[in-house]
Amino acid sequence: MRLIDLPFDPAREMAAFNAAHAAAGGIVSFMGQVRGQGAELLELRHYAPLTLPGMSALAQVCAARWQLDGLLMLHRTGRLSPGEPIVLVAAAAAHRRQAFAAADYAMDHLKSESWFWKRERRAGQWHWIEPRADDYGGLARWV
Amino acid sequence: MRLIDLPFDPAREMAAFNAAHAAAGGIVSFMGQVRGQGAELLELRHYAPLTLPGMSALAQVCAARWQLDGLLMLHRTGRLSPGEPIVLVAAAAAHRRQAFAAADYAMDHLKSESWFWKRERRAGQWHWIEPRADDYGGLARWV
Amino acid sequence: MTARLIFLGRLEDAAGGAERDVTPGPLEAVLAALAPDLAVALLGERVRMALNGVLIAERGGIVLREGDELAFLPPVSGG
Amino acid sequence: MTARLIFLGRLEDAAGGAERDVTPGPLEAVLAALAPDLAVALLGERVRMALNGVLIAERGGIVLREGDELAFLPPVSGG
């Protein structure tokens with residue numbers, strides 16, 4: 001579980017995670033990256049006193065809810081260009097269903113409950129991005 | 001969509017897939033590998049006249065059912081040692097929910113509808129592996 | 001003049017090999033020429049058949065011609 | 001003798017900066033000393049607060065002491 005303020009290579013992170021969990025039956029990963037759509041830059045701001053404890057709490061919930069061999073959560077902060085990876089979540093488990101559910105759950109909660117604020121620069125102007133309705137819709141699936 | 005009879009490197013495959021889909025919002029992957037559990041070797045047999053058309057049909061269903069930027073299905077055949085990757089499925093999509101669903105669906109159907117038979121060698125003896133009940137359970141979710 | 005039977009999965013053990021050449025003709029006649037245990041295993045409820053790479057929906061009326069390949073497919077155990 | 005307010009997300013634009021030092025005291029007094037538009041934005045229904053890194057469940061009765069850090073958190077837009 002890490003926050004990083006420099007670009008990362010998802011394939012290299014996954015190679016390390018796979019190597020650390022060679023005994024797991026299956027590994028599910030999600031990698032989210034900056035979509036182009038006209039924005040020049042995306043900035044991810046966070047509030048450090050809440051962000052890391054929040055991600056730790058989420059990891060603990062995942063570990064308690066599913067039988068996992070390992071869980072990786074990696075989130076970028078700072079300024080990102082289109083195509084750069086923002087987030088990488090990976091779950092290793094003996095059973096495929098558990099790995100899928102844990103990765104899906106972790107992403108739903110990272111998206112809507114973690115302490116990140118995004119703004120994007122279009123034509124030289126910064127605009128804050130409001131949460132989307134379907135971020136909340138995802139959470140309702142887990143109640 | 002490929003069947004390969006030699007070991008593959010999932011991280012390298014994912015690096016190539018990620019690079020080919022830099023404009024997708026998210027990429028979900030599942031990697032399944034041989035669990036140890038006392039077996040020395042796993043052998044995956046298939047019937048070529050059915051296997052590849054079956055995987056093609058599954059890929060077409062996924063492409064029709066979800067809005068995907070790309071779909072990767074890679075399946076090993078032949079003899080594998082514990083820890084070796086068996087299967088890699090990856091789905092790239094603008095929307096995370098679509099990528100998760102397509103990868104999950106592809107794995108459920110690869111596991112239970114594709115034409116692979118597995119046997120494992122324990123203490124020098126080969127044993128065929130029967131399908132598990134929960135492989136069928138997975139399919140019921142998609143009806 | 002031969003046709004070929006293909007045995008997948010555990011049926012390979014029952015047949016003592018992955019394939020066997022047989023004399024063409026109606027499927028009933030082909031099966032009757034095999035060991036009874038093997039014929040019973042091939043006709044198991046969950047065993048499907050593919051004729052020249054095409055899955056068969058109905059078991060009745062199959063006649064093997066010269067060069068035909070009939071595969072017997074037990075339930076798969078997947079990836 | 002100062003306490004610090006932290007403005008996240010779009011509240012940073014409303015405040016004209018990411019943080020501001022204020023005179024300690026009851027939250028009502030601290031807010032009253034700000035521009036009215038900013039005070040209204042900070043008290044928005046969906047804005048949460050964290051005092052020294054701990055989320056606050058109730059808004060009533062907050063008194064800022066010297067060295068305290070009070071963060072205003074609008075809805076997040078996630079990863």
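Numbered from 1 within each chain, the chains take letters A, B, ... in sequence-line order.
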- Item | Which portion of H127(B) sits near chain C, non-hydrogen atoms under 4.5 angstrom |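 Contact with chain C involves no heavy atom of H127(B) at all.
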
- Under the side chain to side chain contact (heavy atoms under 4.5 Å, CB included) test, which residues partner Q67(B), sequence neighbours left out?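 Partners of Q67(B) by the side chain to side chain contact (heavy atoms under 4.5 Å, CB included) criterion, ordered by chain and then number, come out as Q98(B).
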
- Item | For P74(C), all residues meeting side chain to side chain contact (heavy atoms under 4.5 Å, CB included), sequence neighbours excluded |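 In terms of side chain to side chain contact (heavy atoms under 4.5 Å, CB included), with neighbours along the sequence ignored, P74(C) is linked to W117(B), L8(C), R10(C), L11(C).
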
- Query: Taking only residues two or more places apart in sequence or in another chain, which ones pass ring-ring contact (aromatic ring centres under 6.0 Å, His included) with F17(B)?
  - Reply: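 F17(B): ring-ring contact (aromatic ring centres under 6.0 Å, His included) contacts with H21(B).
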
- Message: To check you understand the geometry: which heavy-atom pair defines the closest contact between A50(C) and L50(B), and what is its length?
- Response: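 Result for this residue pair: CB-CD1, 4.0 Å.
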
- Message: Looking at R122(B), I want to see if its CZ is surrounded by more than 12 non-hydrogen atoms of other residues, nucleotides or ligands under 6.0 Å.
- Response: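 Check passes, neighbour count above 12.
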
- Task: Please say whether more than 12 non-hydrogen atoms of neighbouring residues, nucleotides or ligands are located less than 6.0 Å from CZ in R65(C).
- Result: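 Not more than 12 within 6.0 Å, no.
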
- Message: Does anything in residues 12-39 of chain C reach chain B? List residues with heavy atoms under 4.5 Å apart, or say none.
- Response: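 Listed by number: E12(C), D13(C), A18(C).
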
- Could you grab the distance from atom OH of Y47(B) to atom CG of L73(C), nearest 0.5 Å is fine?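 So the gap between those two atoms works out to 7.5 Å.
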
